[in-house]
Novice: 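Attaching a single structure in structure tokens format; questions to follow.
Just so it is clear, the values below take in all heavy atoms, side chains as well, and ignore hydrogens, waters and symmetry mates.
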Amino acid sequence: MLRPVVKQVLWVGAGGAVGSALRYIVWRLMGTSGGFPWATVFVNVTGSFLLGFLAGVYAGRVSPTMRLAVFFGLLGGYTTFSTFTAETIVLARTGSTVAAFGNVAISLLAGVSAAFAGVILGESLGS
């Protein structure tokens, strides 16, 4: 019989595998447009919205297993802070300083706004 922590890690890993594959599919479909990392912005903003939405809809009614698999695993694997930061650094180091700052501003403002909108919509549907 598996120990509880091993089961938890497996749920996170299973969700993460799906989320990472989805992120790769988005990257393949969108790529970079004009050298700007739109695919990364897209996954981070949509992931933020989905996390906010699910948290709003289920507000404390999510099973621990579902929370691990979907919130930590799937959405954690789908979104990517490390790629966002690496792409921002590449933009800055290659002389695209405005694009680098734009990436930071768009990602943060759109991500937080999307999460907030997701929570509001989720709460209205989850009540």
Novice: Do you know the tightest heavy-atom contact between Ala100 and Ala92?
Specialist: CB-N, 3.8 Å

Novice: For atom OH of Tyr58, is the number of surrounding heavy atoms from other residues, nucleotides or ligands below 6.0 Å larger than 12?
Specialist: no

Novice: Look up atom OG in Ser124 and atom CD1 in Ile120, then write down how far apart they are to the nearest 0.5 Å.
Specialist: 8.0 Å

Novice: Flag yes if Tyr78 and Val70 sit in one hydrophobic cluster, no otherwise; membership is Ile, Leu, Val, Met, Phe, Trp, Tyr, and two members link when side-chain heavy atoms are under 4.5 Å apart.
Specialist: yes

Novice: Test of understanding: clusters of I, L, V, M, F, W, Y form through side-chain heavy atoms closer than 4.5 Å, transitively. Do Leu29 and Val41 belong to the same one?
Specialist: no

Novice: Nearest 0.5 Å please: distance from the CZ atom of Arg23 over to the OG1 atom of Thr46.
Specialist: 11.5 Å

Novice: Please give the remaining members of the hydrophobic cluster of Val104, linking ILVMFWY side chains under 4.5 Å, ordered by chain and number.
Specialist: Phe81, Phe84, Leu108

Novice: To the nearest 0.5 Å, what is the distance between OG1 on Thr79 and CG on Leu50?
Specialist: 10.0 Å

Novice: Check Val45 against Ala110 and note the closest heavy-atom contact, atom names and distance.
Specialist: CG2-CB, 3.6 Å

Novice: Any chain of hydrophobic side-chain contacts (each under 4.5 Å) joining Leu74 to Val119?
Specialist: no

Novice: Transitively linked via ILVMFWY side-chain contacts under 4.5 Å: Leu51 with Leu125?
Specialist: yes

Novice: Looking at Pro37 and Glu87, what are the two nearest heavy atoms and their distance?
Specialist: CB-OE1, 2.8 Å

Novice: Over 60° means perpendicular and under 30° means parallel, so classify the ring planes of Trp38 and Phe36, tilted if in between.
Specialist: tilted

Novice: With heavy-atom distances below 4.5 Å as the criterion, would you say the side chains of Leu121 and Val57 are in contact?
Specialist: no

Novice: Please tell me if the side chains of Ile89 and Arg93 come closer than 4.5 Å, counting only heavy atoms from C-beta onward.
Specialist: yes

Novice: Once you round to the nearest 0.5 Å, how far does OG1 of Thr65 lie from CG of Leu10?
Specialist: 11.5 Å

Novice: Check whether any side-chain heavy atom of Thr88 sits under 4.5 Å from a side-chain heavy atom of Asn103, and report yes or no.
Specialist: yes

Novice: Rounded to the nearest 0.5 Å, how far does CE of Met30 lie from OG1 of Thr40?
Specialist: 9.0 Å

Novice: So, the side chain of Thr83 versus the backbone of Thr80: is there a donor-acceptor pair under 3.5 Å, distance only?
Specialist: no

Novice: Let me check something: do Val90 and Trp27 share a hydrophobic cluster, defined by ILVMFWY side-chain heavy atoms less than 4.5 Å apart, either directly or through other members?
Specialist: no

Novice: Please identify each residue that fulfils ring-ring contact (aromatic ring centres under 6.0 Å, His included) with Phe42, with sequence neighbours left out.
Specialist: none

Novice: Any idea which heavy atoms bring Gly111 and Ser48 closest together, and the distance?
Specialist: O-CB, 3.3 Å

Novice: Looking only at heavy atoms, what is the nearest atom pair of Leu109 and Ser113, with distance?
Specialist: O-OG, 2.7 Å

Novice: Are the side chain of Ser20 and the backbone of Ala17 linked by a donor-acceptor contact shorter than 3.5 Å?
Specialist: no

